[in-house]
Asks: 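Could you have a look at this structure, given as structure tokens, before my questions?
Since this is a predicted model, take the numbers as computed values, not measurements. Just the heavy atoms: all of them, side chains too, but no hydrogens, waters or symmetry mates, feed the values below.
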Amino acid sequence: MVVLLDGAHLTCEQVDRAAHGSGVALGSTARARAAWRTAALLEGPVYGRNTGVGANKDVETGAAGLDLLRSHAGGAGPRIEEFRARATLVVRLNQLLAGGSGVDPALLPVLAAAVNRGLTPPIRTYGAIGTGDLTALATTALCLVGELAWKPPTENTRTGDTQAENARTEDARAGSPAPGTRAGEPVPRFALAAGDALPFISSGAATLADAALACHRLGVLLSAATAVAARSFLAVEASLEPLSPVVQRGPEQTSVAAGLRDLVGATSPRRVQDPYGYRAFPQVHGAALDAFRHAERTVAEEMNAAPENPLIADGRAWHNGNFHSARVALALDALRAALVQTAAVSAARLATLNDPAHTGLLPFLAERPGGSGVMILEYVAHSALAELRHLAAPVTLGGAVLSLGTEDHASFTPQAARSALAAIEPLEIVLACELVASVRTLRLRGVPCDLPLDPALDDRPLDADLDVARGLLPGLAPR
């Protein structure tokens with residue numbers, strides 16, 4: 001389904017869908033057009049339009065235009081994956097539709113055409129600290145004006161696959177057609193006016209794109225975590241008393257407990273109280289969902305706002321700091337910390353599944369006495385959990401003073417967003433370990449389980465089982 005961009009209603013799920021090829025359509029351009037008309041009438045110094053930028057803000061230069069784009073396109077490191085670059089275009093398009101940039105609205109269908117044809121700018125990983133994705137968007141702008149080539153769509157491209165993928169090449173100069181362009185089809189080009197250079201790049205679109213992609217995927221996994229926990233509840237016949245509505249506090253905790261009750265159905269509890277991985281699951285996972293909802297809402301609000309500096313509104317240019325993304329960084333820091341808590345209780349339940357005191361089965365769910373069974377899953381899960389803890393380090397404790405002291409604070413939101421994206425894999429692995437063990441426990445106890453995991457019990461490599469389990473997780477999340 002094509003994603004309609006209107007500058008007001010873009011969601012994290014829609015960013016993910018468009019990034020993976022759904023295509024986009026443009027809604028009304030009225031707000032963008034109004035800002036453009038206002039910008040054309042502005043007089044006096046306007047930051048970036050007729051002055052230098054950063055510490056050069058007081059130097060009247062006329063419009064820097066292409067020189068500004070060329071000087072700010074110098075990122076470093078490997079190129080980001082295509083879906084992330086495409087998501088960047090989608091978010092910037094939506095922001096421009098929100099109005100406030102003053103950029104020529106004729107640019108918008110050109111950007112949309114690039115998205116719909118799968119073309120992406122060669123954005124490098126490093127270059128932003130939370131005060132605007134200048135290198136990413138300057139690179140995008142040079143693709144628009146023809147000084148860099150759009151990258152054609154490819155299958156299964158991952159960052160750093162080849163040396164060529166990590167370096168700009170000579171054929172990225174003006175006049176080189178995008179290799180993925182069909183014969184006779186024009187390359188998306190737009191001659192940005194000199195005064196539009198800074199307004200186009202004054203945005204954290206690349207960071208918000210990463211944040212939106214991360215939020216969508218993590219939301220799916222957090223939903224799946226309840227379904228995984230439900231299988232462990234059944235496997236060890238955990239008490240449902242902690243899930244009773246009478247003991248719940250707060251909407252997310254209440255929702256988690258209710259969802260778990262529905263999935264588990266009924267058990268015959270073996271213990272007066274179960275370990276925290278069961279008894280405190282609504283409290284821990286409810287808190288994680290609180291953090292997730294806040295992050296998702298914060299990212300969506302920023303994607304549907306005009307981050308422009310200066311903001312063109314009410315007949316004038318307003319110099320401001322809305323490009324600064326402190327609130328997104330704080331929300332993502334909290335989310336990544338919450339993921340560690342959910343993963344930790346998953347690893348704790350995995351330990352009980354290996355323990356005969358909780359299952360009544362052989363240690364490690366082995367086929368025979370002395371067998372290793374799923375022993376290795378605890379090691380795998382704690383390896384992934386350690387990675388999650390590393391990724392949860394708060395970026396908002398950092399600081400930077402740049403541009404001769406003019407820019408004296410940074411949120412480091414790009415680092416927070418990249419860490420959130422990186423957290424998807426280890427969280428998947430921890431949940432997959434629990435799922436493999438819980439399904440084996442259920443089968444050994446004769447409880448029906450229709451998940452397509454290998455039923456063999458012999459000691460063998462479990463990497464294929466984990467791969468299958470990871471692939472099953474999205475399907476376990478309620479729609």
Asks: Between Arg460 and Asp465, does any side-chain N to carboxylate O distance fall below 4.0 Å?
Replies: yes
Asks: How about Thr359 and Asp355: do any of their side-chain heavy atoms sit closer than 4.5 Å?
Replies: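 No, their side chains stay 4.5 Å or more apart.
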Asks: Look at Glu308 together with Arg92 and state whether they make a salt bridge at an N to O cut-off of under 4.0 Å.
Replies: yes
Asks: Should Leu330 and Val328 be marked as a side chain to side chain contact (heavy atoms under 4.5 Å, CB included) after you check the CA-CA gap, both sets of side-chain angles, and the distance that decides it?
Replies: CA-CA 5 Å; Leu330 287 165; Val328 178; over 6 Å; no
Asks: Once side chain to side chain donor-acceptor pair (under 3.5 Å) is applied, do any residues pair with Ser411, and if so which ones, sequence neighbours excluded?
Replies: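 Partners of Ser411 under the side chain to side chain donor-acceptor pair (under 3.5 Å) test: Ser325, Thr413.
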Asks: Give a yes or no on whether the backbone of Ser28 and the side-chain of Asp6 come within a donor-acceptor separation of less than 3.5 Å.
Replies: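 Checked: no pair found.
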Asks: How long is the gap from OG1 on Thr207 to CD on Gln415, to the nearest 0.5 Å?
Replies: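 The CD atom of Gln415 is 7.5 Å from OG1 of Thr207, to the nearest 0.5 Å.
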Asks: Using only atom types and a distance under 3.5 Å, with no angle test, would you say the side chain of Arg86 pairs donor to acceptor with the backbone of Ala19?
Replies: yes
Asks: Give the intermediate values and the outcome of side chain to side chain contact (heavy atoms under 4.5 Å, CB included) for residues Glu252 and Phe292.
Replies: CA-CA 10 Å; Glu252 292 298 351; Phe292 164 70; over 6 Å; no
Asks: Are the charged groups of Arg217 and Asp16 less than 4.0 angstrom apart, N to O?
Replies: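 Judged by the 4.0 Å cut-off on N to carboxylate O distance, Arg217 and Asp16 do not form a salt bridge.
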Asks: Check for a donor-acceptor pair, side chain of Arg261 on one end and backbone N or O of Leu243 on the other, with a separation under 3.5 Å.
Replies: yes
Asks: Once rounded to the nearest 0.5 Å, what's the spacing between atom CG of Leu473 and atom CG of Leu222?
Replies: 11.0 Å
Asks: Indicate whether the side chain of Ser239 and that of Asp274 have a donor and an acceptor atom separated by less than 3.5 Å.
Replies: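 Per modelled atom types, Ser239 and Asp274 side chains form no pair under 3.5 Å.
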Asks: Passes side chain to side chain donor-acceptor pair (under 3.5 Å), Thr135 versus Tyr126? Steps please.
Replies: CA-CA 8 Å; Thr135 62; Tyr126 300 104; over 6 Å; no
Asks: Determine whether a donor-acceptor pair (N or O, by modelled atom type, separation under 3.5 Å) exists between the side chain of Arg445 and the backbone of Arg440.
Replies: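 Such a contact is absent between Arg445 side chain and Arg440 backbone.
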Asks: Is the shortest side-chain heavy-atom distance between Leu96 and Thr29 below 4.5 Å?
Replies: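 The answer is no; the side chains never approach within 4.5 Å.
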Asks: Could you walk me through whether Asp458 and Arg368 pass the side chain to side chain contact (heavy atoms under 4.5 Å, CB included) test, one step at a time?
Replies: CA-CA 9 Å; Asp458 54 309; Arg368 55 177 174 75; over 6 Å; no
Asks: If you apply the rule side chain to side chain donor-acceptor pair (under 3.5 Å), what do you find for His285 with Thr342, and how did you get there?
Replies: CA-CA 6 Å; His285 198 55; Thr342 280; 2.9 Å; yes
Asks: Are the side chain of Ser244 and the backbone N or O of Leu240 linked by a donor-acceptor pair below 3.5 Å?
Replies: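 No, Ser244 side chain to Leu240 backbone: no donor-acceptor pair under 3.5 Å.
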Asks: For residues Asn309 and Asn322, is any side-chain donor paired with an opposing acceptor at under 3.5 Å?
Replies: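 Looking only at side-chain atoms, Asn322 and Asn309 do not form any donor-acceptor pair under 3.5 Å.
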Asks: Quick check: are there more than 12 heavy atoms from other residues, nucleotides or ligands sitting under 6.0 Å from OH of Tyr276?
Replies: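 No - once you tally the heavy atoms of other residues, nucleotides and ligands closer than 6.0 Å, there are 12 at most.
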Asks: Under a 4.0 Å threshold between the charged nitrogen and the carboxylate oxygen, would Arg293 count as salt-bridged to Asp290?
Replies: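 Looking at Asp290 and Arg293, the cut-off is not met.
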Asks: Could you tell me whether a side-chain N or O of Thr298 sits under 3.5 Å from a main-chain N or O of His294, the two making a donor and an acceptor?
Replies: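 Present.
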Asks: In terms of the angle between their ring planes, are His20 and Phe83 parallel, tilted or perpendicular, with boundaries placed at 30° and 60°?
Replies: parallel
Asks: Which heavy atom in Pro474 sits nearest to a heavy atom in Gly471, and how many Å separate them?
Replies: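 Taking Pro474 first and Gly471 second, the nearest heavy atoms are CD-O, 3.4 Å.
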Asks: Does a side-chain heavy-atom distance below 4.5 Å link Pro188 with Leu119?
Replies: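 With C-beta onward as the side chain, the pair touches.
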Asks: So, Asn320 side chain and Trp318 main chain: donor-acceptor pair closer than 3.5 Å or not?
Replies: yes
Asks: Go through it in stages, so that I can follow the logic: the residues are Leu377 and Leu466, the test is side chain to side chain contact (heavy atoms under 4.5 Å, CB included), and I'd like the CA-CA distance, side-chain angles, deciding distance and then a yes or no.
Replies: CA-CA 9 Å; Leu377 293 185; Leu466 289 173; 3.9 Å; yes
Asks: Indicate yes or no: at least one non-hydrogen side-chain atom of Val3 is less than 4.5 angstrom from one of Leu10.
Replies: yes
Asks: I'd like to know if the side chain of Ser202 and the backbone of Pro199 have a donor-acceptor N/O pair within less than 3.5 Å.
Replies: no
Asks: Before accepting this row, confirm whether a basic side-chain N of the pair Arg271/Glu237 lies closer than 4.0 Å to the acidic partner's carboxylate O.
Replies: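 Salt bridge flag = no for Glu237 with Arg271.
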Asks: Can you tell me how far apart CD (Glu428) and SG (Cys433) are? Round to the nearest 0.5 Å.
Replies: 11.5 Å
Asks: Counting distance only, does the side-chain N/O of Arg389 pair as donor-acceptor with the main-chain N or O of Ala384 below 3.5 Å?
Replies: no
Asks: Got Cys143 and Pro122 here, is their nearest side-chain heavy-atom distance under 4.5 Å?
Replies: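 Counting from C-beta outward, Cys143 and Pro122 do come under 4.5 Å.
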Asks: To the nearest 0.5 Å, what is the distance between CZ on Phe412 and CG on Leu397?
Replies: 10.5 Å
Asks: For the side chain of Asn94 and the backbone of Met303, is there at least one donor-acceptor N/O pair under 3.5 Å apart?
Replies: yes
Asks: According to side chain to side chain donor-acceptor pair (under 3.5 Å), who are the partners of Gln253, at least two apart in sequence or on a separate chain?
Replies: Gln248
Asks: If we only count heavy atoms from C-beta on, is the Glu82 to Pro153 side-chain gap below 4.5 Å?
Replies: yes
Asks: Between Arg279 and Glu241, does any side-chain N to carboxylate O distance fall below 4.0 Å?
Replies: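 The answer is no: the pair does not qualify as a salt bridge.
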Asks: When rounded to the nearest 0.5 angstrom, what is the spacing between CZ in Arg17 and OG1 in Thr11?
Replies: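 That separation rounds to 7.0 Å.
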Asks: Do Asp133 and Pro414 have side chains that approach each other closer than 4.5 Å (heavy atoms only, starting at C-beta)?
Replies: yes
Asks: Do Gln95 and Ser203 meet the criterion of a side-chain donor-acceptor pair at a distance under 3.5 Å?
Replies: yes
Asks: Flag the pair Leu26 / Pro109 as yes when at least one side-chain heavy-atom distance between them is below 4.5 Å, and no otherwise.
Replies: yes
Asks: How long is the straight-line distance from CZ of Arg349 back to CG of Asn354, given to the nearest 0.5 Å?
Replies: 13.5 Å
Asks: Return yes when atom NE2 of His390 has more than 12 non-hydrogen atoms of other residues, nucleotides or ligands closer than 6.0 Å, and no otherwise.
Replies: no
Asks: Would you call Glu434-Arg231 a salt bridge at under 4.0 Å N-O?
Replies: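 No, no charged N to carboxylate O under 4.0 Å.
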